[in-house]
Amino acid sequence: MTRITLDTVRALDSDDPLAGFRDRFVLPEGLVYLDGNSLGAMPKTVPDRVSAMLHDEWGRHLIGGWLKDRWMEKPLALGDRLARLVGAGSGEVVVVDTTSINLFKLLSAALAMRPDRRVILSNPENFPTDLYMAQGLIDQLGGRHELRLVTEEEVAGAVDEDVAVVMLTETNFKSGAVFDMAAVTRAAHAAGALTLWDLAHSAGAFPVDLNGAGADFAVGCSYKYLNAGPGGPAWMFVASRHQEAAHQPLTGWLGHDRPFDFDLAYRPAEGIRRHVCSSPGILGLVAFDAALDIMLEADMGAIRRKSVALGDLFIALVEQECGEAGFTLASPREAGLTPPWRRGSQVSFAHPDGYGIVQALIARGVIGDFRDPDIMRFGFAPLYQRYEDVWQAVAELRAVLDGGEHTADAYRERASVT
Ligand SMILES: *Cc1c(COP(=O)(O)O)cnc(C)c1O
């Protein structure tokens, strides 16, 4: 294989159709940020948009803002905009609550729609919050249900007539491996089960086609690849064919058909609105709205092509520069330029000193993260990363190894957030 040089890498940047987007984000000088899969970078428009909401809307209109500034409509209005990124239709997505809470709501809805079945099918590599929420719900429902965990390879073949819902995270948070959403959904439906997809590491990272796959339910967050800011509001999808039958248990007043009648009896709103529980957090929604403007302007196909190229370049450079250092690729090598996708927008390597290496890289201004037991994760956000950032990251990795910086005493104890 021909050696990759800095010139090759710079040529990729000069041919990059998305290069102009980088300037739309705030990025500290000199930092190589490869952690957009945990917390996306801040779009430059966010501070002004939030400030305008505070001064021009809340400050001037006070309670009138709910109508005048359409605050009450924002969860649905944003949902309709986000729907375009995830292959959903108008009225199928709402921006509300958190990913874990939305998962709880939709898992409850799905179980109630399959009253004769008792199994939630998932895999042990699912993101723990999803499994924890399922366990909590099972307790809540009296322990009648079972959370059945099978490997990624076994899932499609493991849907039987006991399974009420297949609950999966499309993109494995450690390895970046992606389920074939359409194939798993077909297998679930053939056995009469519903599907609930967690798209936390998918939405905004590569093309998602919920309706194309026939998905029933989905949830996702906004603060990773969608750049809405720390703790930004999450979202959920309910296929229109299920909206009449899907009932969620957090029956707050804003999911009521007529909240301002202050009726004593709960009556769910029509459509996706019944999944709203409480007063929406407008600051977070405004930041998300500003971030979505940029995502919707970019071409998702171009995002995917660059994401694959960044990841492939990273793998090739780590193997070229650090081939002897004991790294094992923990992500699928083939990413896929057409569906089914194999690798999401991250690349992970396993290494016994992974924690120390990630910390030493952070000390050098290359931000990745670490996941137990030995996974070093690097996320690729094509709108604000350059190919040269990948070059820089691997050069710093070489320097860390050469200096033995990862073996420093300071990295023996793990920090509380990794
Ligand atoms: C990040 C992430 C979440 C986050 O859940 P919150 O409730 O928003 O904290 C959930 N699921 C997956 C798969 C994630 O990667």
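We count ligands from 1, going down the list as the structure has it; atoms in each ligand are counted the same way.
The aromatic rings of H201 and Y225 sit perpendicular to each other, their planes meeting at more than 60°, with 30° as the lower class boundary. Using cut-offs of 30° and 60° on the angle between ring planes, the pair W66 and W71 is perpendicular.
Taking every non-hydrogen atom of K224 and a distance limit under 4.0 Å, the qualifying atoms of ligand 1 come out as 1 (C), 2 (C), 3 (C), 14 (C), 15 (O). Near A200, with a cut-off below 4.0 Å to any heavy atom, the atoms of ligand 1 are 2 (C), 12 (C), 13 (C), 14 (C), 15 (O). Taking a cut-off of under 4.0 Å to the non-hydrogen atoms of S100, the atoms of ligand 1 that pass are 5 (O), 6 (P), 7 (O). Residue Y223 approaches ligand 1 through these ligand atoms, each under 4.0 Å from one of its heavy atoms: 1 (C), 4 (C), 5 (O), 6 (P), 8 (O), 9 (O). Within ligand 1, the atoms closer than 4.0 Å to a non-hydrogen atom of T169 are 13 (C), numbered from 1 in the order shown. Below 4.0 Å from some heavy atom of D198 lie the following atoms of ligand 1, by number and element: 10 (C), 11 (N), 12 (C), 13 (C). Near H201, meaning under 4.0 Å from one of its heavy atoms, ligand 1 places the atoms 15 (O).
The main-chain N or O of V163 is found under 3.5 Å from a side-chain atom of R117 such that the two form a donor-acceptor pair.
Of the heavy atoms in D130, only side-chain atoms (C-beta onward) come closer than 4.0 Å to ligand 1. In F173, neither the side chain nor the backbone holds a heavy atom less than 4.0 Å from any atom of ligand 1.
Judged by distance alone, the side chains of T407 and E405 never bring a donor and an acceptor atom under 3.5 Å apart.
Using a 4.5 Å cut-off on side-chain heavy atoms (C-beta onward), L254 and P259 make contact.
Both the sub-6.0 Å distance and the 45° axial angle are satisfied by R414 relative to the ring of Y355.
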